[in-house]
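First up is the structure itself, then whatever we jot down about it.
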Amino acid sequence: MPEGPNLIMLKEKLQPFKGRQVTAANGYAKNVDPSMLNGNTLSDIKTWGKHLLLVFEDFSLRIHMGLFGSYKINRPVKKNAALHLQFGDEEINFSIVKVQVINQPLDEVYDWSADIMSQKWDADKAIQKLKEKPGLMICDALLDQGIFAGSGNIIKVESLFRAGIHPESLCGNIPADKLKELSNEVIAFSREFLKYGKTHHLGDRLQAYGREECPRNHVAFHKRDTGKTKRLTFYCDICQVLYS
DNA sequence: GTGCATGTTACGAG
DNA sequence: ACTCGTAACATGCA
């Protein structure tokens with residue numbers, strides 16, 4: 001369930017739990033003793049990229065869903081959850097997630113301006129980071145959570161297609177205005193992802209990811225693992241310019 | 001039943 | 001020390 005927009009959806013679904021007290025907690029997750037949560041009030045819910053942040057008075061919990069992670073709200077789980085949180089008569093269950101306790105103020109831990117879903121997103125800073133890594137392939141940069149926190153493989157594929165940039169282009173060789181265009185597409189598509197994802201119509205909006213042919217010229221998409229990250233990339237080598 | 005996936009990290013080998 | 005390949009993760013889906 002993993003890209004930035006999915007985390008915003010999750011945050012919205014968890015709003016009813018805000019201000020409520022944990023009445024029971026358990027789970028097999030490492031790095032946390034769930035019993036420490038007992039009696040604590042969930043004061044806020046934040047996200048940074050793909051991190052879900054449950055804020056309690058004296059600490060926060062970072063929850064990362066990874067690729068296989070899932071959650072259930074007030075619905076039965078098949079097996080013991082990695083983290084089960086009971087709030088009176090309501091409950092949240094997370095499966096296959098990584099949990100970490102954060103004892104510092106979140107503002108000291110997170111640079112909100114790197115989060116593509118944040119109001120504080122700063123495109124110029126991201127572009128500066130790209131320029132500082134001239135040898136990095138842009139397909140890898142779009143998965144780098146330090147640069148585009150919250151971007152995943154779908155956002156990568158779609159924003160590269162929309163900006164007309166070949167995934168194996170090197171950051172240092174892409175013109176500044178194309179980098180700006182790419183950054184704009186990342187943000188625009190992420191908003192679209194959020195809007196249509198809520199109603200399960202994201203698939204209708206995908207122009208490249210999972211498609212067989214380019215919607216512009218009907219040539220078959222290339223479909224290969226690219227970059228150091230070796231993640232599946234759909235691209236059209238007519239529409240998408242290689243800056244190598 | 002099989003295979004694949006919106007992610008990340010840990011580990012061993014070289 | 002660094003970088004690469006691989007596995008792993010108590011899932012969900014087509």
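Just so we're on the same page: letters track the sequence lines, and every chain starts at 1. Quantities reported herein were computed from a predicted structural model and do not represent experimental measurements.
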For nucleotides 2-7 of chain C, tabulate all protein N/O to nucleotide N/O atom pairs closer than 3.5 Å, reporting atom names and distance.
{"residue": "C/dG5", "atom": "OP2", "partner": "A/Lys230", "partner atom": "NZ", "Å": "2.6"}

Is the closest side-chain donor-acceptor distance between A/Ser43 and A/Lys18 under 3.5 Å? no
Taking the six-membered ring for Trp, are A/Phe221 and A/Phe161 ring centroids under 6.0 Å apart? yes
Reckon A/Asn153 touches a base, only the sugar-phosphate, or nothing at all at heavy-atom distances under 4.0 Å? sugar-phosphate
Examine A/Phe189 and A/Val186 and state if one hydrophobic cluster contains both, with Ile, Leu, Val, Met, Phe, Trp and Tyr joined whenever side-chain heavy atoms are less than 4.5 Å apart. yes
Using the benzene-type ring in the case of Trp, are the ring centres of A/His84 and A/Phe94 under 6.0 Å apart? no
In Watson-Crick or G-U wobble terms, with both distances under 3.5 Å, the base opposite B/dC4 is C/dG12
Suppose we call two aromatic rings close when their centres sit under 6.0 Å apart. Are A/His166 and A/Tyr235 close by that rule? yes
Tell me which nucleotide among C/dC9, B/dT6, B/dG7 gets nearest to the side chain of A/Lys50. B/dG7
A/Leu232 near the nucleic acid: base, sugar-phosphate alone, or nothing, with a heavy-atom cut-off under 4.0 Å? sugar-phosphate
N/O-N/O pairs, protein side and nucleotides 12-14 of chain C side, under 3.5 Å:
{"residue": "C/dG12", "atom": "OP1", "partner": "A/Lys72", "partner atom": "NZ", "Å": "3.1"}

Treating Ile, Leu, Val, Met, Phe, Trp and Tyr as nodes and any side-chain heavy-atom pair under 4.5 angstrom as an edge, say whether A/Leu85 and A/Phe59 lie in one connected cluster. yes
Can a side chain N or O of A/Arg231 be found less than 4.0 Å away from OP1 or OP2 on B/dA5? no
Classify A/Phe193 by what it touches in the nucleic acid, base, sugar-phosphate, or nothing, heavy-atom distance under 4.0 Å. base
Separation between the P atoms of B/dG3 and C/dA7, rounded to whole Å: 15 Å
What's the closest nucleotide to the side chain of A/Lys98 if the choices are B/dT8, B/dT6, C/dA10? B/dT8
Are there more than 12 heavy atoms of other residues, nucleotides or ligands under 6.0 Å from atom CD of A/Gln119? no
With clusters defined by side-chain heavy atoms of hydrophobic residues (ILVMFWY) lying less than 4.5 Å apart, directly or transitively, does A/Leu106 cluster with A/Ile45? no
